[in-house]
Amino acid sequence: MSAMPAITYNFAYLDEQTKRMIRRAILKAIAVPGYQVPFAAREMPMPYGWGTGGVQVTAAVLGRDDVLKVIDQGADDTTNAVAIRGFFEKTARVATTTSTREATVIQTRHRVPETPLREDQILVYQVPIPEPLRFLEPRETETRQLHALAEYGLMHVKLYEDIARHGHIATTYAYPVEVAGRYVMDPSPIPKFDNPKMDDCPALQLFGAGREKRIYAIPPHTKVRSLDFEDHPFRVQRFAKPCALCAATGVYLDEVILDDKGGRMFVCSDTDYCNTRQEEGHRGEMSGASPSRQPFPPRGEGAEGGALHLSPPGRDRSEAAGEGASGGEVRP
Amino acid sequence: MYVAAKGGEKAIRNAHALLAKRRRGNENLPSIGLDQIAAQLTLAVDRVMAEGSLYDVELAALAVKQARGDLIEAIFLIRAFRTTLPRFGSAQPLDTARMLVRRRVSATYKDLPGGQLLGPTFDYTHRLLDTSLDSSEIRSTESSSGVAEGAASSVARSVAEIMPRVTDLLGEEGLIEASPADDGGEPFDITRAPVSFPVDRATRLQTLARGDEGYLLALGYSTQRGYARSHPFVGEIRFGDVEVMFEAPELGFEVNLGTVQVTECQMVNQFKGSTEVPPQFTRGYGLVFGQCERKAMSMALVERALRWQELGEEPGAPAQDEEFVLSHCDNVQATGFVEHLKLPHYVDFQAELDLVRRMRSEHETEMKEAAE
Ligand SMILES: [Zn+2]
């Protein structure tokens, strides 16, 4: 067979026509906050469900002078965030950062950064299922009509049934919001802890769902209200302890299992926020401890350098926040 | 001091290096050539072209090699490449009556104009492992190459002739519904515009044509077991080469872009008739790149089942549910979303963990209060 011709790609992978098509969808989405705009999502070189929607939105808004930050679960160094950042480094050669403050475009999966965003920033969410009513009504033909008529009774019934059964609303993430007093919107699977950050946010918030071919938006300074009832107001998770590394309170924490005896600690899910605080001199209760053995050394083929596992010091249960670590919920 | 390991970047690099090594396998053995894959794993290459929606034997062979034989991964590679290609227009509709037929069978007529041509098929082989394939075959044996040459010349004979389709023969008598005429309009392109339900038949067929073979097989099978029964007959299956004609507006005439191999299946199904229409046969249609009969037949069964509304049939079976069938038939979408569950979800899991703990402690309190 003859030698294959070299394959070259456009800036940020997508061709300009496609980017224009996506930008038109974005503009429409901004004009109708919370409304899911169908767009002709392209096949991307990463799998559906792994951020193709966010990647397409980012590719469409990214300019050569932008500084890109990519997070997954609040962290810059999770494998998928690394892969997506690497994709844009390769295809767009833009500057990247882990600092929320330095970034002009932030692509995220499952979190809103703790550091408040500014007007000159864009937050791009990766969305798996854009339809907030999907699990109440699987048919697109039906849900489209429900949105058109602003018929959101189904959602309120679902939330009310939660209260009747559990005494409170049992939705902890992807908690539905009402945008600009009109459309009910899925905020993507962020913890409901992050919902209040969407309200009146100075940054433009864009949502991309590649597999489902939808884009939606929250323009800057838009009213975003988490659905609730007068006698059951919306509440967010509150953690009983501060971050074990930077002593931050009022932030979302990840639970880290330290050993097989029930030892665990809570640390900031937002790694940039935590690192910045530590650099500023904040110290949590476990940040000064001496280095210890690695309880879970990486194993297996190719494990070298593959230390995805956390390597915390051994701790016994008494000191770690165990059951009851939850401080319950508070009104934001 | 607690240190969250920053292993992500290096781990990915190492994993990919390991993958490359595993793909290559034992280095004492020669690497497989793309020409070998294209020539000897033809049906794998065909499936990758069909579900990848890109007719390019060489690239499909490369994808099969790069994907270590994982065909869905290979299809994904092809799709990701296809999406970067510019689209410069629509070809003229393929004329399968002018196919250079390599195989053609009908289950409805014993003999018919053009005849039955068995061609290269697994049908009627005994599925016994052939250990002679283990030794490196230099050339096929004298006798079988003689047979193959004979077969090739019989193919050559049919080149010039137009081979009418069985459905055309039935159509002359008005026994089967007419195939809708080409309205000359630009067809909807599911890869360039978002699909919104309900969709027209052309969009449905387009979606099914790149749908997962296994998924369509199962749905087609279900229609044979009573879930949307349509009494199907294979009017005809043909496989061969067709020319792709393109009319460039600036030229004002058609140019031949080359040939592609396709499998076409015309399923003939019962229809009781209605107040307006006398009883007649109806069509289920399948068309797939390459030799993919299983897929073409399954597609035709599912396509027919999806036409229930237009034909006034009773709904209710899974294969009749347009939004369900079409929304889930793309294996690149499906595999991505299923496999995304491997990605970290610990933020959401943390929220659920917190809720379960809280509910358990409430439950415990309630139990205690009840006991007191
Ligand atoms: Zn922290």
Side-chain angles (χ1 to χ4, degrees), chain A residues 1 4 9 15 38-40 42-45 47-50 72-74 77-80 82-83 110-111 128 139-141 166-167 170 172-173 189 191-192 211 213 237 244-245 252 254-255 265 269 286-291 301-302 304-313 323-324 326 328, chain B residues 1-15 17-18 33-35 38 58-59 62 76 79-84 86 191-198 323-324 327 332-340 343-348 350-355 357-362:
Chain A
M1 280 186 188
M4 283 198 193
Y9 300 107
D15 60 281
F39 82 114
R42 294 290 187 263
E43 256 133 352
M44 298 300 284
Y48 283 114
W50 299 51
D72 186 345
Q73 316 292 301
D77 64 335
T78 33
T79 41
N80 203 43
V82 169
H110 295 190
R111 276 309 312 273
R139 267 159 222 289
E140 188 67 20
T141 36
H166 310 294
T172 58
Y173 61 93
K192 65 177 177 176
R211 197 177 35 78
K213 299 182 167 57
Q237 298 100 320
L245 296 181
Y252 198 78
D254 278 343
E255 181 169 340
M265 67 190 284
S269 136
M286 293 182 79
S287 57
S290 60
E301 230 178 346
E304 192 217 337
L308 282 175
H309 308 274
L310 300 162
S311 44
E323 227 170 300
S326 155
Chain B
M1 193 162 98
Y2 169 84
V3 184
K6 302 269 177 198
E9 215 142 353
K10 199 173 171 200
I12 289 178
R13 265 202 315 278
N14 286 347
L18 188 61
L34 299 188
D35 47 356
E58 206 173 3
L59 287 180
L62 172 63
F76 184 10
R79 293 262 196 99
F81 173 71
R82 180 195 192 278
T83 191
T84 65
T191 70
R192 297 282 146 154
V195 169
S196 146
F197 294 105
E323 199 174 328
F324 178 86
S327 300
V332 176
Q333 286 179 3
T335 199
F337 201 47
V338 166
E339 295 196 51
H340 108 283
L343 291 179
H345 281 79
Y346 37 75
V347 164
D348 295 343
Q350 184 60 47
E352 292 289 272
L353 204 56
D354 179 75
L355 178 69
R357 281 191 183 128
R358 212 143 31 80
M359 284 165 62
R360 283 174 63 86
S361 90
E362 282 167 16

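Numbered from 1 within each chain, the chains take letters A, B, ... in sequence-line order.
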Interchain contact, [X] with chain B, by part (heavy-atom threshold 4.5 Å):
{"X": "A/T141", "result": "both"}
{"X": "A/R111", "result": "side chain"}
{"X": "A/A244", "result": "neither"}
{"X": "A/Y9", "result": "side chain"}

Most chain A-contacting option - heavy-atom pairs closer than 4.5 Å, from [options]:
{"options": "B/E362, B/R82, B/H345", "result": "B/H345"}
{"options": "B/D348, B/T83, B/T335", "result": "B/D348"}
{"options": "B/S361, B/S196, B/P194, B/P86", "result": "B/P194"}

Interface moiety of [X] toward chain A, non-hydrogen atoms closer than 4.5 Å:
{"X": "B/E323", "answer": "side chain"}
{"X": "B/F197", "answer": "both"}
{"X": "B/E339", "answer": "both"}

Return the [atom1] to [atom2] distance between [X] and [Y], rounded to the nearest 0.5 Å.
{"X": "A/H166", "Y": "B/M359", "atom1": "NE2", "atom2": "CE", "value": "4.5 Å"}
{"X": "A/N80", "Y": "A/D72", "atom1": "CG", "atom2": "CG", "value": "5.5 Å"}
{"X": "B/T84", "Y": "B/R79", "atom1": "OG1", "atom2": "CZ", "value": "14.0 Å"}
{"X": "A/Y48", "Y": "B/H340", "atom1": "OH", "atom2": "NE2", "value": "15.0 Å"}
{"X": "A/S287", "Y": "A/L245", "atom1": "OG", "atom2": "CG", "value": "6.5 Å"}
{"X": "B/R192", "Y": "A/R42", "atom1": "CZ", "atom2": "CZ", "value": "4.0 Å"}

Tightest non-hydrogen contact, residues A/G49 and B/F337, listed as CA-CD1, 3.9 Å
Is it the case that over 12 heavy atoms from other parts of the model lie below 6.0 angstrom from the CZ atom of B/F76?
yes
Mind ranking A/K213, A/H110, A/M44 by heavy-atom pairs under 4.5 Å with chain B and telling me who comes out on top?
A/H110
